[in-house]
Amino acid sequence: MFKSLSILLLSLLIFSVNAETTVKESSKKTQEEKERELVDFNSIQDVLKNDQLSKEIKKKDSKIKKIVKKRTSVNLGRYNVPGDDFFWSFFSEYWLVKNAPILKWDFQKPDYGVEETFKFFLEKLGHYEKRFKILYVNSPSVFHFAIPSNPDEYIFLISVPFIRTLDLTKLEISLLLFEDYMRLKRGFFKKRVAVKGLKEFIGSNFHESKKLNMKILKKVAMKYDEVVFDKGFSFKEQFEVTKDMGNVLKSDLKLWSTYYKMLGKIDDLVKSNILYRTYNKIYPSPEMQINWLKPKNKIL
Amino acid sequence: MKIISLLLISSFLLLTINPGVAKIEKKLIRVAYYGNMFGHIHRNPSRYSTSMTTVACGHPVKIYSVNKGTGGNKVFFNKVWNFVKIGPYEGYIRKDYLASKRPKCFQDRYPKFFDNLEIDLSELYYWGRLYDHYFTGKSRVR
């Protein structure tokens, strides 16, 4: 009696487990698909013809095909790597998060109100519909920097110790940010962090391998570190940016002379303060920039 | 007797003058959705205020209006902050980080990519803090 009862219970348990798994599997399928699986229309083709239902079956089949196609593409899409329009914003923030202890941006700072000045500054120079995010860092290891974001969006880092040491005004900070903006617009940063295979990686799909190529992301992060903390930009790139700045600011002599004087202030700081000596490595060099900007005295 | 009456009067005055002691009435205005990758509910309406909890993009947030006192003295949470409730937590969140419709979040657009990054708890916290520390702007055509 007990044996038969236990067998009955066991079979019930097995049945329930089976039923659960089949429910789970079938829950992914639509009603149409389930119906299609239940009835084998091939065996009753003559009946269907007589009842003039073969057209209906074709309609149902095509509907099911569409559903399956859509589901496959949705499933495939889940393995997409963000394209160019989303990748840079995401990755720059990812890098900022990973480097939060080094950059020290999570601290209480005074509200400099630079965002308003910089907004007017961009508008004055005709750069409209540009979004920007300014992040103050409490570290002298980064002076001022722009990192890529979504199209028409820019992330700026600026060091509070650097601002304090130089006693920079809102306008001077805006000029520095604008210099970074020009540098980013010319694509120097993206060029410097572009590792082999990154172009193909952005906007790709990893459905087949099911594993994301983390090596490439780590390499890009390392390149970010290298550019921001160590190598910076070349003389050629700096020359192009300085020339651009000169051309843009020439129309407003007050802005031009503020920029010129500010470069002089930075040059003095770099030469006198050991903490800021690496500035020349990142942005070579304020002294050269002053020379490039200086109007040439042509002797006729 | 005099002392008791004086005490009663002073406590009554304190209750009416000091709105902090008076009863606070909260009224649900609407439900919004958090729009950034991650964020924080703050104890006070300040970007530097302590975090009560972390929220992810697309999380529904209940926005409340608060009435202090019986005189209908409505307290609006300025133009920057909203008083909100998420689960058991009550606090403040920046108004411009909330959307009326559920936003298309990065995590939803690229779920497998995001999962593979294996972002840990401290990074999640910092990511939320990042949006607190940004000073943002946009240049417009005048």
Side-chain angles (χ1 to χ4, degrees), chain A residues 75-83 86-87 89-90 93-94 96-101 103 105-109 111-137 152-156 158 204-207 210-214 217, chain B residues 34-40 42-51 54-58 78-81 94 96-97 99 103-142:
Chain A
N75 196 32
L76 208 74
R78 290 166 63 83
Y79 291 87
N80 279 349
V81 173
F86 285 107
F87 179 81
S89 159
F90 169 80
E93 289 189 347
Y94 178 68
L96 286 172
V97 168
K98 287 263 177 202
N99 285 283
L103 292 167
W105 47 257
D106 191 11
F107 74 109
Q108 204 159 337
K109 57 239 157 198
D111 189 355
Y112 291 101
V114 174
E115 61 276 18
E116 276 301 308
T117 316
F118 188 56
K119 184 188 157 221
F120 287 124
F121 192 86
L122 285 174
E123 286 168 358
K124 195 178 179 181
L125 298 173
H127 294 261
Y128 303 115
E129 299 300 312
K130 309 287 178 204
R131 286 176 184 277
F132 58 86
K133 295 171 174 173
I134 303 169
L135 187 68
Y136 294 98
V137 297
D152 283 334
E153 190 180 86
Y154 305 85
I155 300 173
F156 297 100
I158 185 142
S204 65
N205 185 285
F206 59 103
H207 181 258
K210 297 268 191 302
K211 195 95 185 115
L212 184 71
N213 187 358
M214 282 302 286
L217 289 178
Chain B
Y34 187 71
N36 285 327
M37 190 85 81
F38 296 105
H40 292 281
H42 294 276
R43 191 180 292 275
N44 296 307
S46 158
R47 63 171 82 217
Y48 305 114
S49 171
T50 322
S51 163
T54 310
V55 282
C57 180
N78 54 56
K79 285 176 183 170
V80 184
W81 296 89
R94 281 178 80 95
D96 47 347
Y97 292 167
K104 273 192 173 180
C105 301
F106 186 90
Q107 293 98 311
D108 300 335
R109 276 178 202 259
Y110 308 102
K112 294 287 176 190
F113 174 79
F114 198 78
D115 288 349
N116 270 266
L117 295 171
E118 291 172 357
I119 293 163
D120 64 37
L121 271 175
S122 72
E123 286 165 356
L124 200 133
Y125 169 83
Y126 272 126
W127 212 312
R129 292 297 285 170
L130 188 62
Y131 297 105
D132 288 330
H133 287 283
Y134 276 146
F135 288 84
T136 57
K138 188 187 176 186
S139 63
R140 290 174 199 281
V141 183
R142 285 196 210 171

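Naming: A, B, ... by sequence-line order, numbering from 1 per chain.
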**Asked** Given that the side chain runs from C-beta out, which part of B/Y134 has a heavy atom under 4.5 Å from chain A: side chain, backbone, both or neither?
**Response**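 Its backbone and side chain both get close to chain A.
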**Request:** Measure distances from B/F38 to the heavy atoms of chain A and classify the residue's part below 4.5 Å as side chain, backbone, both or neither.
**Result:**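 The answer is neither part of B/F38.
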**Item:** B/Y48 ring center within less than 6.0 Å of B/H133 ring center
**Value:**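 Ring-ring flag for B/H133/B/Y48: true, centres closer than 6.0 Å.
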**Item:** Euclidean distance, A/D152 CG relative to A/E129 CD, rounded to 0.5 Å
**Value:**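 A/E129 CD to A/D152 CG: 8.5 Å, rounded to 0.5 Å.
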Given that the side chain runs from C-beta out, which part of [X] has a heavy atom under 4.5 Å from chain B: side chain, backbone, both or neither?
X	result
A/L212	both
A/Y112	neither
A/Y94	both
A/E115	side chain
A/F90	both

**Item:** Selection from B/F114, B/Y125, B/Y126, B/W127 maximising heavy-atom pairs under 4.5 Å formed with chain A
**Value:**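 Going by pairs under 4.5 Å, I would pick B/W127.
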**Request:** Determine the option with the most heavy-atom pairs under 4.5 angstrom with chain A, choosing from B/M37, B/R47, B/E123.
**Result:**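 Highest number of pairs under 4.5 Å: B/E123.
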**Prompt:** Would you say B/K138 and A/K130 make side-chain contact, with heavy atoms under 4.5 Å?
**Reply:**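 Sidechains of A/K130 and B/K138: no contact.
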**Message:** With heavy-atom distances below 4.5 Å as the criterion, would you say the side chains of A/F132 and A/E153 are in contact?
**Reply:**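 Result no, sub-4.5 Å side-chain heavy-atom pair not found.
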**Request:** Would you mind telling me which of A/K98, A/K109, A/M214, A/E116 has the largest number of heavy-atom pairs within less than 4.5 Å of chain B?
**Result:**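 That would be A/K109.
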**Asked** Among A/G77, A/A100, A/G126, A/G113, who wins on heavy-atom pairs under 4.5 Å with chain B?
**Response**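 Maximum pair count with chain B is reached by A/A100.
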Within the side chain of [X], is there an N or O that forms a donor-acceptor pair under 3.5 Å with the backbone of [Y]?
X	Y	value
B/S139	A/H127	yes
B/H42	B/S49	yes
B/N44	B/S46	no

**Prompt:** Does atom CZ of B/R109 have more than 12 heavy-atom neighbours, drawn from other residues, nucleotides or ligands, at distances under 6.0 Å?
**Reply:**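 Count over threshold, so yes.
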